[in-house]
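All remarks here apply to the structure that follows.
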Amino acid sequence: MQVPPKDQTTIDDQSPSDRRVITGLGASGGIVIGRAFVMDRQYVDVSRTRIDAAAIPTETERLHKGVSESIEQLKRLKSQSANVGGAASEELGFLLDAYVHMLTQSRLVRGAEELIQTRHMNAVHAVSEVIDAIATQFSGIDDRYIAARASDIREVGLRLMRCLIGETDRAFETAPKGAILIAEEVSPADMARLQPGQITAFVTALGGAEGHTAIMARSLGIPAILGAADIIRGVSGGDLIIVDGGRGEVILRPTEDDLAHYSQRREDWRAARAKLASLRDVPSATRDGVEIDLHANIELPIELSAALENGATGIGLLRSEFMFMNKDYLPDEDEQYAELADIVTRMNGKPVTIRTLDIGGEKLAVSLQAEIGSGPNPALGLRGIRLSLRKPELLEAQMAAILRASLHGPIRVLIPMVVSVHEMSRARQIYEAVARRLRKEGHAIPDVLPPLGAMIEIPAAALAIDALARESDFFAIGTNDLTQYTLAIDRTDDQVAGLYDPLHPSVLRLIRDVIKSSRDRDIPISVCGEMAGDPRYTPLFLGFGLRNLSMSPVSLLPVKQRLRRLDTRNTEHQAARVMEQWDSARIAMMLDDFNDLA
Ligand code: PEP
Ligand code: MG
């Protein structure tokens, strides 16, 4: 049995009674035994600029926004820790309350306000000065209680500074290769910075299993557990731990038996994946010979090889917003073109569906922060096509890059977060105008423009599908947002993760009806939300008449394996029976039965 190198903690110095299991949301399957790397959040890059007198009100407002955001974060952590129960959670709750208190009318905030006003410091510089002043003052006092308060103030101040500069975390870039990352939160932008092989698994205190962090973890094949509140206090850097991503369990201070048991399970998992690899080149067709297109969803170019290795016959969803994250500038047409052209070329004639920018919500880009702002409810705010139409130069540059990339292979253009037909007709006008401009400039643009389609991910769009059909060449159903908006469940919020239910009959009816309407009108339709990659749902989708599914690369072979055992003459009948039900637990059981029979 192979155990990672010893550093701070060894199996020998632990008694079995120390063993502890922390649970969270199993966001990405797989078993990893390794050393914990606890995110070091002690470093913030402070820029020191002198601001004009005229900028004082804006900078003070920025400080207040940062304070509100920090308080919000602390409250989320507190309510998450309350779910855990026990003395440790109570203690953590008191501490977090104290932190909130330090941000409410405190010396820290008042001091920073004063420095902005009197010494024209920018907000982050002002906060860093106040923390240093408080720390210096306390350092002269020989009292353990005071020393602890000074370190609390520093902790709170650092959180505030991170909020002010919009920095999530940069420290995992220093994680030793092969480490298991432990963090309060990992954002989708952080995921985009992960180097392959650097982090073998991660566990966070916050986050829902349907958000983009979870989606990317699945896509990159990194086992992950989110919403495990207790993890922050439970683990120290260098501890040997076991992560079971499928079950959402972290084993702290594992026993020899645990290590043997999980090593075996890890081997079984690998063997099962290796067996699936033999399906890569077999036809993706049901037992009765109906061909099903299996496409991949990707966010980053590095995922392309996984898509191809797992037999994707196209890219069904390229989330272009990831090209905008982790950059403090807006990539221009040429930069976008170069990145897209590379992907389209590497797909070697297989179709690529490129979605225009869906920044907003949890997916943030510093260069667009000013436009998007921090509205009260980002999931319902300025995002997707709404933002692109508010700032048409964004859409123009993106469409130009996409049209130029279309010379390298077949592409389709997909518009996110569509609600009304007017958004589609406006997007089409811009699309055609961009094509005219490019032709004038001498670019070889195809005579017939690549298809322009709409994401169906908001109930309003699903219910008005006939109207959208007038302006759309194809549809792609986004079940992640469709579930979120139909059920009013924030997909990124661990507090309501248990209520996120894609099998709710309302969601299934919308999906079924959209597929039927599209087929009746001969409009190509696919599903590209996470449901598409879950083999339990494959009979249902085939029964609804769907013939194109797009998913994380790791899901392609399990879904292919499942559909090859299905017969569409049965699935149609099974889907009709499912749709007679009103209880999603019963629906799940029926699907399990159908899958067992297949
Ligand atoms: C969806 O909402 O289902 C979808 C595919 O888009 P995203 O997950 O990027 O919001
Ligand atoms: Mg979506």
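Just follow the structure's listing: the first ligand is 1, and inside any ligand the first atom is 1.
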Name the residues with a heavy atom less than 4.0 Å from ligand 1?
His212, Ile215, Leu317, Arg319, Arg355, Lys363, Met455, Glu457, Gly478, Thr479, Asn480, Asp481, Arg491, Cys528, Gly529
Go through the structure and list residues passing side-chain hydrogen bond (donor to acceptor under 3.5 Å, both in side chains) with Arg426, not counting sequence neighbours.
Gln429
For Asp342 and Ala338, indicate whether the former's side chain and the latter's backbone hold a donor-acceptor pair under 3.5 Å.
no
Decide whether a cation-pi geometry holds between Arg491 and Tyr500; the criteria are a distance under 6.0 Å from NZ or CZ to the six-membered ring centre and an angle within 45° of the ring axis.
no
Measuring only between side-chain heavy atoms, which start at C-beta, is Asp490 closer than 4.5 Å to Gln484?
yes
Between Asp494 and Leu226, is there a side-chain heavy-atom distance shorter than 4.5 Å?
no
Please determine whether side-chain contact (heavy atoms from CB on, under 4.5 Å) holds for the pair Met551 and Leu556, giving the CA-CA distance in whole Å, both sets of side-chain angles, and the decisive distance to 0.1 Å.
CA-CA 7 Å; Met551 61 201 73; Leu556 286 161; 3.8 Å; yes
Check each of Pro446, Pro450, Pro451, Pro351 against Ile411 using the side-chain contact (heavy atoms from CB on, under 4.5 Å) test, and report the only one that passes.
Pro450
Candidate list Gln398, His408, Arg404, test side chain to side chain donor-acceptor pair (under 3.5 Å), partner Tyr337, passing option
His408
Which pairs count as ring pair (Phe, Tyr, Trp, His ring centres under 6.0 Å) when at least one residue sits in residues 525-544, sequence neighbours excluded?
none
Quick one: give me the number of protein N/O/S atoms under 2.8 Å from the Mg ion (ligand 2).
2
